[in-house]
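Remarks on the structure that follows.
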There are 2 protein chains.
Amino acid sequence: MRLSELSAVSGISPASIKFYLRSGLLEPGQAVHPTRAEYGDAHVRRLRLIQGLRSVIGLGLEDIRRIIEASDGAETSGHKRLALLATVQSVVLGFSNSGTREPPTVKELVLQMGWPDEDSEARAAVGEHLAAMTAAGVAADPAVLVLYARAADAIADAQLTVTDGQRSVEELILTAAVGMHLHNQLILKVIALAQASRSIQRYAQQGPHTQKGRDGDASQPFDESD
Amino acid sequence: MRLSELSAVSGISPASIKFYLRSGLLEPGQAVHPTRAEYGDAHVRRLRLIQGLRSVIGLGLEDIRRIIEASDGAETSGHKRLALLATVQSVVLGFSNSGTREPPTVKELVLQMGWPDEDSEARAAVGEHLAAMTAAGVAADPAVLVLYARAADAIADAQLTVTDGQRSVEELILTAAVGMHLHNQLILKVIALAQASRSIQRYAQQGPHTQKGRDGDASQPFDESD
DNA sequence: ATATCAAGATAGTGCAACTATCCTGAGCGC
DNA sequence: GCGCTCAGGATAGTTGCACTATCTTGATAT
């Protein structure tokens, strides 16, 4: 198909497609003439990947390119997919690995969860982040960490099962990244809900709160609009 | 103090301060003359808040303004702080509330967690997000949701205790937002670690995996520096 | 009285992600 | 065969955001 058709199929403007071509995010397509190139299904998938990573996760084109580069030749074996997933994680989460040494909490966590006690970028990232949080004065409670890990473990397995069934690398990446992102957002919102719930429980005694009349305290008619 | 001193104290360039003034993020300060204005401690705090929300969480100025607007007059009582925290959540997490009706899972979760069965933006957001995930084909398992909720519950309480002790509204917001953000990042990284761990366990049998989850790709010599 | 410095306004910068325009050259009709 | 039109490729412009630099005006100090 031609660029214009590719545009029609993918829903991305020809101008943007050209832009992606220029940026090296999309391969040039089989050039049948100096002025005519043929695009295939791989291009459609690639565009979908780019679009998905941008719109859903909000990745920049630079990050997307890194993922795409890592995806080259990863169709084949399971362990190559593994490597690819690691890269996706690394890019999506912005791993830096600035060489902090791992807090003991991490090893404890790994052992407690029955995870293989191996180095990985993700593990280093967890260690670093814990250190950073401690440094920022918002140290994470190890008990909370275990709760996180249990939740994480549950979704990790589910995610892997889903990603296992993907046909193309593009779908693999998209499923992994989008799934990760959506779960993350979900957790955040659950935390928000937990905080809201806890707040209500805490402040119900102190001040009147409007909605459901959990307490009959009507001493001060506060305006709670924001 | 003058603008220049405010700049010196806060470490933000006079130009940026002016920009914030124009944007309405910072109040104009007591104008003693048409050409001289007096800034106070509140301005310093406000600037710190803006800076923190931008640099740590990466919020846009528009979002920051929404938070700031919500913070006006929230110094006083506990339940106003509650409302403020809700706004902070709403902005940081980008709540939209487009009117999806809540999946039954949410009420079950709330009951199971012993949270007050009340409406809130956070609750609506959870409901919507679950619906969205289902729609996207990555439905969240209720069992997983409970795991999330347990983790969320644990940190919510801790977070609230921390935020309770804050002196100024600005510190309150910053603590809440930064804490939330850091926990978010932590969870993501733990998920990444879980996935990496699970992957290793899965693929260890199928293919050779090399220490770091990567191997030298023989087919194409692409540069894998990151 | 004027030099100077601060406050306010206006316009410019840099980056990211497009988007619009132009140019060239191929295929097709006449 | 010749030009018209349209696709592909390159170049430059646009938009949005967050500043940043400059310019103007007017008050305070000398």
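Naming convention: chains lettered A, B, ... in sequence-line order (proteins, then strands); numbering from 1 in each chain.
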I need the [atom1]-[atom2] distance between [X] and [N], as an integer number of Å.
{"X": "A/Leu6", "N": "D/dG9", "atom1": "CG", "atom2": "P", "answer": "12 Å"}
{"X": "B/Glu62", "N": "D/dG16", "atom1": "CD", "atom2": "P", "answer": "13 Å"}
{"X": "B/Tyr39", "N": "C/dA6", "atom1": "OH", "atom2": "C1'", "answer": "10 Å"}
{"X": "A/Leu3", "N": "C/dA26", "atom1": "CG", "atom2": "P", "answer": "18 Å"}
{"X": "B/Arg36", "N": "C/dA6", "atom1": "CZ", "atom2": "C1'", "answer": "5 Å"}
{"X": "A/Glu27", "N": "D/dG9", "atom1": "CD", "atom2": "P", "answer": "14 Å"}
{"X": "A/Asp63", "N": "C/dA16", "atom1": "CG", "atom2": "P", "answer": "11 Å"}
{"X": "A/Arg65", "N": "C/dA16", "atom1": "CZ", "atom2": "C1'", "answer": "13 Å"}

>> Under 3.5 Å, is there a donor on one side chain and an acceptor on the other for B/Gln89 and A/Gln195?
In response: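 There is such a pair (donor and acceptor under 3.5 Å, judged by atom type) between the side chains of B/Gln89 and A/Gln195.
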> Among side-chain atoms of B/Ser16 and B/Ser13, is any donor-acceptor pair under 3.5 angstrom?
Replying inline: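 Yes, B/Ser13 and B/Ser16 have a side-chain donor paired with an acceptor closer than 3.5 Å.
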> If you take all heavy atoms of B/Met133 and B/Ala140, which pair is closest and at what distance?
Replying inline: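 Looking at all heavy atoms of both residues, the shortest contact is CE-CB, 4.2 Å.
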> In residues 9-24 of chain A, which residues come under 4.0 Å of DNA chain D by heavy atom?
Replying inline: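 DNA chain D contact set from residues 9-24 of chain A: A/Lys18, A/Arg22.
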> So, is B/Arg54 close to the D/dC19 phosphate, meaning a side-chain N or O under 4.0 Å from OP1 or OP2?
Replying inline: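 Indeed, a polar side-chain atom of B/Arg54 lies that close.
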>> Let's see if you can work this out: which of C/dA6, C/dG8, D/dA7 has an atom nearest to the side-chain heavy atoms of A/Arg2?
In response: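 The nucleotide sitting nearest to the side chain is D/dA7.
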Thinking salt bridges, do [X] and [Y] make one under a 4.0 Å N-O criterion?
{"X": "B/Arg48", "Y": "B/Glu171", "answer": "no"}
{"X": "B/Glu62", "Y": "B/Arg65", "answer": "yes"}
{"X": "A/Glu102", "Y": "A/Arg123", "answer": "yes"}

